[in-house]
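Following: one structure in C-alpha cells, then a few remarks.
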Amino acid sequence: MDYMDSGLRYTPNSDKDWDTSVQFLPASDNKKLEKKKGPGKVGAVIGVVIFAAVIALMTGLLVWHFHFRKDVRVKKMYSGSMRITNQVFEDAYENSNSTEFKELAKQVISQLKIIYSKSPQLAKYYVGSTVQAFSEGSVIAYYLSEFRVPAGQEAAVDKAMSSMNTLVDKVQRALHRPGNSLVLADVVSSALDARLFSTSFSRFFKFAEHARANHIGQIQSPGFPDSPYPPNTFIQWQLRADPSHVIKLEFDTMNLEENCKNDFVKIYDSLVAIESRVMEEMCGYYSPSEPLTFLSSGNVLLVTMATNEQKNYPGFRAKVTQVRRGSKGTTCGGQLTGEKGTFSSPNFPNYYPPQTSCQWTIEVPAGKVVKLTFKKFLLSEPGQENIKDCQKDYVEVNGKKLCGDYPDGTAETSNSRQMSVMFFSDASYVDRGFDAQFEAIDMKDPCPKQFECKNQRCINSELRCDGWNDCGDMTDEFNCKCDDKSITCKNGLCKPMFWKCDGIDDCGDGTDEQDCGGCKSGQITCKNNKCVSEKNRCDGRDDCGDGSDELDCQRTSDVSCTDLTYKCNNNKCISKVNPECDGTPDCDDGSDEENCDCGRNMFKTSRIVGGQDAEEGEFPWQVSLHVKNYGHVCGASLINPHWLVTAAHCVQDDGKTRLSQPGTWEAYLGLHIQRKIGSAVVKRNLKRVIAHPYYNSYTFDNDIALMELDSPVTYSDYIRPICLPAPQHDFPTGNTVWITGWGATREGGSAATVLQKAQVRIINHSVCNDLMKGQITSRMLCAGVLTGGVDACQGDSGGPLSSPSGTRMFLAGVVSWGDGCARRNKPGIYATVTKFRGWIKEQTGV
C-alpha cells in the first residue's frame, strides 16, 4: 500500500454555488477600499492560525517522511548453500527433527548472522534465517535468509548478497574467532524466485525420498492420477542418494497448465531452491514418448511445484533411482581412434547433468584428418539465445567454442590427424546435449564425389544450384548458372520456377516478383486481381467487385454478405478474415467460436526430431486407411467422432478390389508407426463410403470422399479432429502448411514406417496452372516443398494438408495428385476443402 493514499484528503465545498447572474459593480469611492497600513485584531488572529496550520502540515510531512516512509519495505528471500569443512556428515543430519540437526542448524544460523553483520546493507535489513537441510561433502548446509528491504534498495542488497564469499572470508580471517566456529567454503547465494513464496499459497507440502540400491522410488503431485493437483499450493520434494551416487529422475507424465507463470515445476541441483542451481523449469503437457530424464551432479536434487487458483491439471509422476557415479551415462571423455566412430554428451538424448566437464581426444590414421559431424546439437539456456561467445554450456573443438541450437547438425574439420573435443556444463540449466560422429578423411578431397559446403558439410553434387539451401549456409547456391526451368535472380541465385510471382521475395532481391502484372504503388490487389486505390479500402463500397477491399475493416454491423465474408449462424456477415475458432467471439450469436474442440495437439513439441519423422501425437487427426489383409493404402483426416475425409481416388474400385465398399477398409486412428499397434491406437471398420458425385477420374477434379466409422471414437491425446474451414476461409499464397503421411502414393509405392511430415508452401494458383500445363481447376490447390526430402516420401494420398491459424490447424486440402510425395521442385496438388464445405455439411452434419 502506498502511504500517500492512507491520509485524509481535504476537498473544499461551498454551501451554495455562485449565482452567475449577480453583477459586481465598481465601487464609487476607491479610497474606502484601499488596504489599511496594519492588520486589525481579526487579521492577526487569522494570520497566527494560518501560520500554525502550515507548521503543523510541515511537521506532519516530515514525520511521515522520516517515520512512516522508511517502513515501506519489501520482503526479500535469499537461498544458499555452504560447505562446512570442519564437520563430518552424520545420518542424523538427514532428519530435521533430530537433536544433531537442530544443534548444527543453530550454529549455521549464528554464523550467518555474524556474516551479514559485516555488511552495512545487510545488517540493518536482516530478519532471520532457517536451515532447510544438510547433505554430505563434508557437510553442506542449505539455508533461507529473510530481509525486509526499503523500497528502492533491493538492487543494493542483491549486490551485497552476491559478495557472500568475500564476507565469509572477512569473518574467517578475524583474529578473535571462537574456537568452535564453523569453517566455511563454497558459499553460494541467490535471490529466491518470488513465485516460490507467493502470499497466495494456502497449502504447503514437503516430502523427502532417499533412493536405495535396486529400488525404484516414485514422486507425484498430490491427487495424481485420480484428481487434479490442488490450487494455491507450494510443494517440494527433497531427493537424496547414497554417497558416490547421483540421482536419476525420470518423468513418465508431465501435464500442467500451459503457462509457466501460473503452474510450474522447477528442478534444482541442490536441496534448496537456489536459482543459480536450477536445472529446468517445466509446464504444459509433454508426450510420454519424449524422454524427460535428469541426472544430478551430486547426490541431492530438489523438485518444487507451485500452483495458482485456476485451471488445475493432472500433474506429474516421476521415478527416482540412484546411479553409481562413473557408470554408463554419467561419464564422458576418453581416447577415440580409428577410421570412424561415435560419441555423445552424457545421458543423451536426455538432459546432461550440470557441473560436467569432459574431454575426448580423437586420432585417425596417418595421412588423414578428422572430420567431426554433430548430428544433433542442443546446448542452449534461457537468456542465452543470441549470445555468441558461449558464456554458459559449450563444446570446444580445437579451441573453437560452439553453443546454442543446431537441430540439423553442424561439422568441424581438423588440420591434422588429431582433434580435441571438450564438453562443459555450468551449474544452472541443462539441455539435451549432442550426438556426434567422427571420420578420417583425405584433406585434399574431403567430400569424395560430393560438393563440399563452406561449413564443411558434404552434399550430393546434384543438389548444387537447385534453389534449395542444402548446405545450411547457402554455399551450394552461390555462383550458379541457372537452367531454363529456374528463375535467374539478379544476385546470382537460382530458384524454382513455381516460386515466381507467388507474392514472396524468394530471390532476396525481388527478381522473382518482377513483371507479375501487379498493381501500381498506392493501389491494392483485389482477390479477383483487379487494382483499386488504397483510399477505397474500407470505405463501405465494393470497389473491387468481389468485396475483398472491404474485408478486415473492423466494422461489426451493416456488412454486406459476399462469397468472401464470413456468415454467422444468424445469417449476418462480418468482415473479419478467418474469424472462426480464433478465441474472439466476432458474431453476435457467438457461432464463430462454436465447435472449436479441434486442430490442436496436446503435447509440447520437442526440438529433437529424427529427420522428418513426426512426433507421436503431433498430428492426432491423421488416419491410416488399410485394405483388409493388405495394409496401408491411403491417408485420411478425422473431422469429428464419426467421420473421416479422404480422397475420392482412394475409393475407386480397382479390378477385383472393391475400394468403394466400406467392408474393404480398416481405419487406424492414433497410429504413429505402421504395424505397431500400441494402447493409443484405435481400429475402426467403416459404415459408409461417400465419394464426391462429380469426381473425375481423368482430371482428378472434385477429388474428395467421406467415410463414416461404424462406431464413434473417443478423443484422446493421440486422437483429435482437425478444424474444418468455413467456405470463406482464406489460405493465402505463400503460407507455410504441413503435409503428413506414411509415404504410400496412389500408385501403391512402399510406405514409410514412421509417420512423416514436411513443410510445404501454398503456390499461386495461376503460376501452378501454368506449371502444370492448364490442368488445375478452381477446386484444386497447389503447394510446394520448402524443406528437403528427395529420398523420403512425405506425402500420402487422401491425407491432410494442415494449415496453422493461431493455435489451431485447419484442413486446407486433401492430397490428390501430381507429386503426392512432395519431391522438390514438384508442386503437390490438393483438393481445396473450402470448395466442398457445403457438401461435407450436407452429408455429415459437421
Side-chain angles (χ1 to χ4, degrees), residues 287-289 598-599 601-603 612-651 654 657-691 704-722 738-746 748-757 793-802 809 811 814-815 820-821 844 846:
S287 168
S289 64
C598 59
N601 68 52
M602 302 304 290
F603 301 124
Q612 286 296 304
D613 288 359
E615 285 289 319
E616 195 167 356
E618 189 176 357
F619 298 91
W621 44 86
Q622 176 75 49
V623 180
S624 175
L625 296 177
H626 286 218
V627 169
K628 290 179 180 177
N629 304 317
Y630 176 78
H632 174 84
V633 171
C634 276
S637 304
L638 181 69
I639 59 169
N640 89 337
H642 298 268
W643 290 94
L644 311 177
V645 174
T646 188
H649 76 254
C650 287
V651 296
D654 181 18
T657 309
R658 303 296 302 276
L659 297 174
S660 63
Q661 299 304 306
T664 304
W665 296 95
E666 293 172 330
Y668 286 85
L669 302 97
L671 187 67
H672 184 63
I673 301 173
Q674 291 288 341
R675 296 183 296 279
K676 185 177 179 181
I677 311 300
S679 59
V681 180
V682 170
K683 184 180 83 169
R684 285 287 186 272
N685 293 318
L686 299 185
K687 184 177 180 181
R688 278 196 290 169
V689 174
I690 309 170
I704 191 168
L706 296 165
M707 292 177 164
E708 185 178 9
L709 304 176
D710 66 344
S711 63
V713 293
T714 302
Y715 295 157
S716 70
D717 295 339
Y718 305 93
I719 301 173
R720 300 191 75 79
I722 191 169
W738 288 95
I739 180 170
T740 49
W742 284 272
T745 65
R746 58 187 168 83
S750 60
T753 304
V754 180
L755 180 66
Q756 300 290 291
K757 66 178 182 180
C793 184
Q794 272 90 28
D796 192 4
S797 285
L801 186 71
S802 305
M809 290 273 201
L811 186 62
V814 176
V815 181
C821 270
T844 68
V846 182

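Quick caveat, the model's predicted, so the values are computed rather than measured.
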How far apart are the closest heavy atoms of [X] and [Y], and which atoms are they?
{"X": "V651", "Y": "A705", "result": "CG2-CB, 4.0 Å"}
{"X": "A647", "Y": "V814", "result": "N-CG1, 3.7 Å"}
{"X": "Q622", "Y": "G799", "result": "NE2-CA, 4.5 Å"}
{"X": "N601", "Y": "W621", "result": "N-CZ3, 4.4 Å"}
{"X": "H672", "Y": "A614", "result": "CE1-O, 2.8 Å"}
{"X": "G635", "Y": "T646", "result": "O-OG1, 2.8 Å"}

Just to verify, what does [X] make a side-chain hydrogen bond (donor to acceptor under 3.5 Å, both in side chains) with, not counting sequence neighbours?
{"X": "S287", "answer": "S289"}
{"X": "H642", "answer": "none"}
{"X": "S660", "answer": "D653"}
{"X": "S711", "answer": "R684"}

For [X], give me all partners under side chain to side chain contact (heavy atoms under 4.5 Å, CB included), at least two apart in sequence or on another chain.
{"X": "V681", "result": "Y668, L671, I677"}
{"X": "K676", "result": "I673"}
{"X": "D654", "result": "L659"}
{"X": "S716", "result": "Y718, I719"}

4.5 Å side-chain heavy-atom contact, [X] and [Y]:
{"X": "W742", "Y": "S624", "value": "yes"}
{"X": "P721", "Y": "Y715", "value": "yes"}
{"X": "V623", "Y": "M707", "value": "no"}
{"X": "W738", "Y": "P800", "value": "no"}
{"X": "L669", "Y": "L638", "value": "yes"}

Q | salt bridge (charged side-chain N to carboxylate O under 4.0 Å, His left out) partners for R720, two or more places apart | A |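 If we apply the salt bridge (charged side-chain N to carboxylate O under 4.0 Å, His left out) test to R720, skipping adjacent residues, the hits are D597.
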How many angstroms lie between atom [atom1] of [X] and atom [atom2] of [Y], to the nearest 0.5 angstrom?
{"X": "L709", "Y": "L686", "atom1": "CG", "atom2": "CG", "answer": "6.5 Å"}
{"X": "D796", "Y": "C634", "atom1": "CG", "atom2": "SG", "answer": "6.5 Å"}
{"X": "C650", "Y": "L625", "atom1": "SG", "atom2": "CG", "answer": "7.0 Å"}
{"X": "Q674", "Y": "T753", "atom1": "CD", "atom2": "OG1", "answer": "8.0 Å"}
{"X": "K628", "Y": "W665", "atom1": "NZ", "atom2": "CH2", "answer": "11.5 Å"}
{"X": "K683", "Y": "E666", "atom1": "NZ", "atom2": "CD", "answer": "4.0 Å"}

Q.
Checking side-chain polar atoms at under 3.5 Å, does Q756 have a donor or acceptor matched by the opposite partner on D613?
A.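 Yes, because at least one side-chain N or O of Q756 sits under 3.5 Å from a partner of the opposite role on D613.
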Q | CA sep, side-chain torsions, deciding dist, call: T844, L706, side-chain contact (heavy atoms from CB on, under 4.5 Å) | A | CA-CA 8 Å; T844 68; L706 296 165; 3.7 Å; yes
